[in-house]
There are 4 protein chains.
Amino acid sequence: MVAKEEKRIEILKAAIKVFSEAGIEGATIEEIAKEAGIGKGTVYEYFESKNTLFQEMVCYSGKRFLEELVPVIEQGDNMLEKLRLISQFYARFLKNHLDIFNSLMTGYSLSETMRSQLLKEMSVISQAVEDMIRVGIQTLELRANVNPEIAAACILGGIHSYAIKKIFSDGYGPDEIDHEGIAKALLTGLIW
Amino acid sequence: MVAKEEKRIEILKAAIKVFSEAGIEGATIEEIAKEAGIGKGTVYEYFESKNTLFQEMVCYSGKRFLEELVPVIEQGDNMLEKLRLISQFYARFLKNHLDIFNSLMTGYSLSETMRSQLLKEMSVISQAVEDMIRVGIQTLELRANVNPEIAAACILGGIHSYAIKKIFSDGYGPDEIDHEGIAKALLTGLIW
Amino acid sequence: MVAKEEKRIEILKAAIKVFSEAGIEGATIEEIAKEAGIGKGTVYEYFESKNTLFQEMVCYSGKRFLEELVPVIEQGDNMLEKLRLISQFYARFLKNHLDIFNSLMTGYSLSETMRSQLLKEMSVISQAVEDMIRVGIQTLELRANVNPEIAAACILGGIHSYAIKKIFSDGYGPDEIDHEGIAKALLTGLIW
Amino acid sequence: MVAKEEKRIEILKAAIKVFSEAGIEGATIEEIAKEAGIGKGTVYEYFESKNTLFQEMVCYSGKRFLEELVPVIEQGDNMLEKLRLISQFYARFLKNHLDIFNSLMTGYSLSETMRSQLLKEMSVISQAVEDMIRVGIQTLELRANVNPEIAAACILGGIHSYAIKKIFSDGYGPDEIDHEGIAKALLTGLIW
DNA sequence: AATGAATGAGAGTTCATTCAT
DNA sequence: TATGAATGAACTCTCATTCAT
């Protein structure tokens, strides 16, 4: 039956919502179950424990994020366009999934095994951006001496940092952010 | 008496240690009290609640971070040197205070009032970097059309992201990171 | 159909195994069902509840024990032989069914109605031994002034106590126990 | 302060009462706390877990039983008197502490470590009776070829078995039991 | 001012039982 | 008839907080 897998997804989605709103520890299994429209015990039919559920939720989110990120990257015609789209996509995702992002970015508050698993997940996303950089170098759009690893960190970190600030500090909506500005800044750097 | 304020600081330092090691929820008041060498009840003479203590600890950490960051910035003779020093300082700080950093960066897992307070704290740090940018523009070291706010986000976010990856994913020590590389990358950008 | 009764027995046997290994509360219906090779819900087609199942399992065990005990008693040619065989049989049974024995001996942890039912079961076993005593008195093998009830208690209690000690404390196998010794001790008493 | 140890004892006494009435698993920490007149959490200030509490309760009971048994044994002028007193003492103790007795006798439903600890406890009681036997042999009151270990098992097992039957099956009070009869039976055995 | 014993609300988790299939 | 997914009551245990000393 597909239903079994579908209900797993339902619970994962409920978990994303509740974890994102209440934080890792603030979230309760009861709340997640209620959100999923099922009984508390049912959660344990699908996930071994709260920790496992959280873990799998982050992995699921990471995969989802990556799945959606890749076409976004491919969509842009040039590097500026690509960075602008990434920033936009990132801001929209962030708006809904702050907690998951924290986890993906830092492995915060997780057991050692969970953290390493998550960093692996995150590194896949980083890899996707690094690949984009390498293609840009090959097409001569980017300077040859750019270090893809460092560049990917600047791109993801810069976009993240700016989006956080504008959304949570200045109260901007995800689409009010100056995506063009951050994209240009990353491309041109600070000096002349 | 100064003693009162000194003991407050003692508790805050103990809180930094315990929160950083055990996470927000994993930390217990009892452990913090033991670390500070006082009784459990005494903590409540100085802080209203665990939440308050956490809040004030993050503010304290933010102020400390800023206090130490400013001379670091002033120390560098040119912009490349400044950015290199910031990255180095950041990595060292991060190594010891992952949890606090998460809070500073995102206001994670905090009440709305706490979050806004923290973002204000964070924006002070951002301001310091923006000021550095503005000075760089005035001295013609940086391009005139650089947006200081975006630049500060790229600098802090990029440094953060890269440090996280190298320290927690690749197991680097804070001083093994290529601080020069990230500084150059931020300055020169990706194109040309 | 006989099949119905046969499946009942299958479940009872599975219950004996699981209850004996995991204890009354440690045993789960799911485990018993798996042991019996059926679905969890099916157990409830044959037994009203876990308590009922446990109850009936003990009765079944009591009957089985008695069914096997009687020929053992009849097998011995004289009283010493009989007691030796009882001790041997008891030790073997005990090795596999500690929990059931506790219940049979004491009605431990059971509801009042269950306990009285079990004690009745146990008294049947005691009766069988008492009958053996009476026969011994009639054949002049035993002293005329022996109280059969007390004697049966001494025999079953003494054998039980000794077997428990040697098997669970000293790690003896059921056949390494000095069955001859305990049989003689019960026959000859302590004085003279 | 003595108060700390005293409260421990209070909790142990409450545990004896509740465990004896409700069984190991039927007993709840909340009920024990209520019985002791304290809060639920307080129990955990004195005992690590429910299992630990149960364990320590059984040890405490074993020690108490032994402490009281020894003077009872010494009190009797001859072996018949001693056995009669033991039976009487046993029946009274049993009336109040059925569960503890089961544990002492068999280590029922306990973890391996707990069981071995308990069997050690029980063997101390057995030792006390064995010592009594040895003294009896030395004073020529008992036959020289009596095996003290087997004899102790017969005495404790026989007394236990008989007391259980009369109290729980026939509804006797502890003092209505024919203690003299069981004592004589154990001494004189069945033959002759 | 400082303490730590006492507390109890609230969490994660288990599992006997039900019931739609 | 047989099933096992779903359930939720009830459990153990944690720990922020209180308050008498």
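Naming: A, B, ... by sequence-line order, numbering from 1 per chain.
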Taking the side chain as C-beta and beyond, is there a heavy-atom pair between [X] and [Y] under 4.5 Å?
{"X": "Val18(B)", "Y": "Thr28(B)", "answer": "no"}
{"X": "Val58(C)", "Y": "Phe19(C)", "answer": "no"}
{"X": "Ser61(D)", "Y": "Ile16(D)", "answer": "yes"}

On DNA chain E, compare the nucleotides closest to Glu48(C) and Lys50(A); which residue's is nearer the 5' end?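 Looking at DNA chain E, the more 5' nearest nucleotide goes with Lys50(A).
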Under the salt bridge (Lys or Arg N to Asp or Glu O under 4.0 Å) rule, what pairs show up with a residue in residues 26-49 of chain B, not counting sequence neighbours?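 Qualifying pairs: Lys17(B)-Glu35(B).
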Enumerate the residues from residues 27-35 of chain D whose closest heavy atom to DNA chain F is under 4.0 Å, giving them by residue number; use none for an empty result.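 Contacting residues: Ala27(D), Thr28(D), Ile29(D).
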d([atom1], [X]; [atom2], [N]) in whole Å:
{"X": "Glu10(A)", "N": "dA6(F)", "atom1": "CD", "atom2": "P", "result": "12 Å"}
{"X": "Ile11(C)", "N": "dT3(F)", "atom1": "CD1", "atom2": "C1'", "result": "13 Å"}
{"X": "Asn51(B)", "N": "dC15(F)", "atom1": "CG", "atom2": "C1'", "result": "14 Å"}
{"X": "Leu53(D)", "N": "dC13(F)", "atom1": "CG", "atom2": "C1'", "result": "13 Å"}
{"X": "Glu25(B)", "N": "dA16(F)", "atom1": "CD", "atom2": "P", "result": "8 Å"}

Give the stems involving DNA chain E, where a stem is 3 or more consecutive Watson-Crick or G-U wobble pairs (i with j, i+1 with j-1, and so on) under 3.5 Å.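 Stems found: E:2-21 with F:2-21.
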Partners meeting side chain to side chain contact (heavy atoms under 4.5 Å, CB included) with Tyr46(B) (sequence neighbours left out):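 Tyr46(B) satisfies side chain to side chain contact (heavy atoms under 4.5 Å, CB included) with Lys4(B), Lys7(B), Arg8(B), Ile11(B), Thr42(B) only.
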Would you please name every residue forming a side chain to side chain donor-acceptor pair (under 3.5 Å) with Ser49(B), sequence neighbours left out?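 Expected list: Thr52(B).
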Residues in side chain to side chain donor-acceptor pair (under 3.5 Å) with Tyr60(A), at least two apart?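 Tyr60(A): side chain to side chain donor-acceptor pair (under 3.5 Å) contacts with Arg64(A).
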Rounded to the nearest 0.5 Å, what separates atom CZ in Phe47(D) from atom CE in Met57(D)?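 Answer for the CZ-CE pair, Phe47(D) versus Met57(D), is 10.5 Å.
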Each nucleotide N or O in nucleotides 1-3 of chain E that has a protein N or O under 3.5 Å away: list the pair and distance.
| residue | atom | partner | partner atom | Å |
| --- | --- | --- | --- | --- |
| dA2(E) | OP1 | Lys7(B) | NZ | 2.8 |
| dA2(E) | OP2 | Tyr46(B) | OH | 3.0 |
| dT3(E) | OP2 | Gly39(B) | N | 3.0 |
| dT3(E) | OP2 | Thr42(B) | OG1 | 2.3 |

Looking at every non-hydrogen atom in both residues, tell me the closest pair between Ala27(D) and Ala22(D) and how far apart they are.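 It is N-CB, 3.7 Å.
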